[in-house]
Number of protein chains: 2
Amino acid sequence: MSQPIHLKNAGLKSTLPRLKVLNLFENGDERHLSAEDVYKKLLGSGDDVGLATVYRVLTQFEQAGLLVRHHFEGDKSVFELNQGKHHDHIVCIQCDRVEEFYDATIESRQRKIAAERGFSVQDHSLNIYANCTKLKCPNKRI
Amino acid sequence: MSQPIHLKNAGLKSTLPRLKVLNLFENGDERHLSAEDVYKKLLGSGDDVGLATVYRVLTQFEQAGLLVRHHFEGDKSVFELNQGKHHDHIVCIQCDRVEEFYDATIESRQRKIAAERGFSVQDHSLNIYANCTKLKCPNKRI
DNA sequence: ATAGGAATGATTATCATTATCGTATATGTT
DNA sequence: AACATATACGATAATGATAATCATTCCTAT
Ligand SMILES: [Mn+2]
Ligand SMILES: [Mn+2]
Ligand SMILES: [Zn+2]
Ligand SMILES: [Zn+2]
């Protein structure tokens, strides 16, 4: 757990919709949420914000460095709290559950490979799409 | 170079639009093409096909295993000829040029990481977004 | 050459996301 | 606390990529 984020420090006015969205990521049960996920969760808890605002806020939070955006194969973006530590993802094909991992070997190999070809890495995304072999897969939905 | 692909063998009727699209991938100068790229290239060479057909054919080719689809950060899908050998990509942020690489260590590490967590890898995508440090970057456009 | 099913292409629909714009609100100042 | 004003909100329209429709055209087997 890290210290609560203050929107002010991020250069963002502290508004109700922003606080609600931020709260979802800080205290919600899911780390990785799409705009639609956020919108529905807020509606579900009575806190209604406009869908346009959700999209706007997510993008603002991303630009402010509060959130990180991912593209997990498919059309919609997924966001998660930026805890400062880069990691990659395993996405379950059956239930969409997301598990995180970090592998120093993979990371350094990437840098090496890029360097050998005359590139300096700016960013990268590594997503593993897999099936649960263990029976912990509750099946369906993130 | 591999032997020319016969649509018949892929269970696909041999039609003009399909042959034109296939030809672009087999004899064109770009390995990685979006639907729009394909559409514009065909229009440019006088071979006009409908945009709907382009999308349909690309999806069919993907399902038939002739093409592989990638999602290089951003909204549009990119396709390339399936030459049977898996590889990952470095995408230049400045010119969108795509370079391919394969690293056995990274590949096996992925499998190991997934296995340790009870997953069996079905697929994965690893894209490195980087800047050319060498001056070979002609800047802009795939 | 013919027939019948599949493919094409113009168009419309869909889905995620962004842009508009009039109204509401946060925050610094009286 | 009431104000002023820049900003943010939210309903809705617009956009861009891709999928679905459907009447017409084209392969391919007879
Ligand atoms: Mn994560
Ligand atoms: Mn490739
Ligand atoms: Zn990584
Ligand atoms: Zn790989």
Side-chain angles (χ1 to χ4, degrees), chain A residues 5-24 32-64 66-79 96 141-142, chain B residues 5-24 32-64 66-79 96 141-142:
Chain A
I5 295 170
H6 285 176
L7 292 175
K8 297 282 181 59
N9 300 342
L12 294 170
K13 210 185 270 188
S14 180
T15 71
L16 261 307
R18 285 178 185 163
L19 289 169
K20 289 174 185 169
V21 171
L22 186 55
N23 178 60
L24 260 192
H32 306 87
L33 299 172
S34 68
E36 196 194 350
D37 291 336
V38 170
Y39 181 62
K40 287 185 176 166
K41 288 212 175 219
L42 291 180
L43 285 193
S45 58
D47 305 296
D48 52 310
V49 292
L51 180 56
T53 301
V54 169
Y55 276 101
R56 239 180 338 225
V57 170
L58 290 175
T59 300
Q60 286 162 172
F61 282 7
E62 183 197 9
Q63 288 166 344
L66 302 181
L67 296 180
V68 178
R69 181 195 298 256
H70 300 293
H71 300 284
F72 291 153
E73 183 106 355
D75 29 20
K76 54 186 66 168
S77 291
V78 171
F79 299 82
D96 289 344
R141 272 293 63 185
I142 204 166
Chain B
I5 295 169
H6 285 176
L7 292 175
K8 299 280 183 57
N9 300 342
L12 294 170
K13 208 185 274 190
S14 179
T15 70
L16 261 308
R18 297 218 263 235
L19 289 169
K20 288 174 185 170
V21 171
L22 186 56
N23 177 61
L24 261 192
H32 306 88
L33 299 171
S34 68
E36 196 194 349
D37 290 337
V38 170
Y39 182 62
K40 287 184 176 166
K41 288 212 175 219
L42 290 180
L43 285 193
S45 59
D47 305 295
D48 52 309
V49 292
L51 180 56
T53 302
V54 169
Y55 275 101
R56 241 180 338 226
V57 169
L58 289 175
T59 300
Q60 287 161 169
F61 282 7
E62 182 197 10
Q63 287 166 344
L66 301 180
L67 295 181
V68 178
R69 182 195 299 254
H70 300 293
H71 300 283
F72 292 153
E73 183 106 356
D75 31 18
K76 53 186 66 167
S77 291
V78 171
F79 300 81
D96 289 343
R141 273 294 62 186
I142 204 168

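Hydrogens, waters and symmetry mates are skipped; everything else that's a heavy atom, side chains included, is used. Computed from a prediction, not measured in an experiment: that's the story for all the values here. Every chain is numbered from 1 and lettered A, B, ... according to where its sequence line falls, protein lines coming before strand lines.
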CG/B:Leu24 to CG/B:Asp37 distance, rounded to the nearest 0.5 angstrom? 9.5 Å
When you measure from the side chain of A:Arg18 to the backbone of A:Lys13, do you find a donor-acceptor pair of N or O atoms at a distance under 3.5 Å? yes
Minimum side-chain heavy-atom gap A:Phe61-A:Leu12 below 4.5 Å: yes
Compare all side-chain heavy atoms of B:Val49 with those of B:Lys20 and state whether any distance is below 4.5 angstrom. yes
Spacing between B:His71 atom NE2 and D:dA17 atom C1', to the nearest angstrom: 12 Å
Can you name the one residue among A:Glu62, A:Arg69, A:His70 that meets side-chain hydrogen bond (donor to acceptor under 3.5 Å, both in side chains) with A:Ser77? A:Arg69
Residues within residues 41-50 of chain A bordering DNA chain D, heavy-atom distance below 4.0 Å: A:Asp48, A:Val49, A:Gly50
Gap separating the CG atom of A:Leu7 from the OG1 atom of A:Thr15, nearest 0.5 angstrom: 7.0 Å
What's the CG-C1' distance between B:Leu19 and D:dC26, to the nearest Å? 13 Å
What string of B, S and - do you get for nucleotides 17-30 of chain C, 5' to 3', if B is base contact, S is sugar-phosphate-only contact and - is no contact with any protein heavy atom under 4.0 Å? BBBB-----SS---
For B:Phe61 and C:dT8, give me the distance from atom CZ to atom C1', rounded to whole Å. 14 Å
Looking only at heavy atoms, which two atoms of A:Gly50 and A:Tyr39 are closest? And how far apart? C-CE1, 4.0 Å
For the pair made of CG in A:Leu58 and P in C:dA16, what is the distance, rounded to whole Å? 14 Å
Any side-chain heavy-atom pair of A:Val21 and A:Leu42 under 4.5 Å: yes
Nearest-Å distance for atom pair NZ/C1', residues A:Lys20 and D:dC9: 11 Å
Nucleotide D:dT18, atom C1' - distance to OH of B:Tyr39 in whole Å: 14 Å
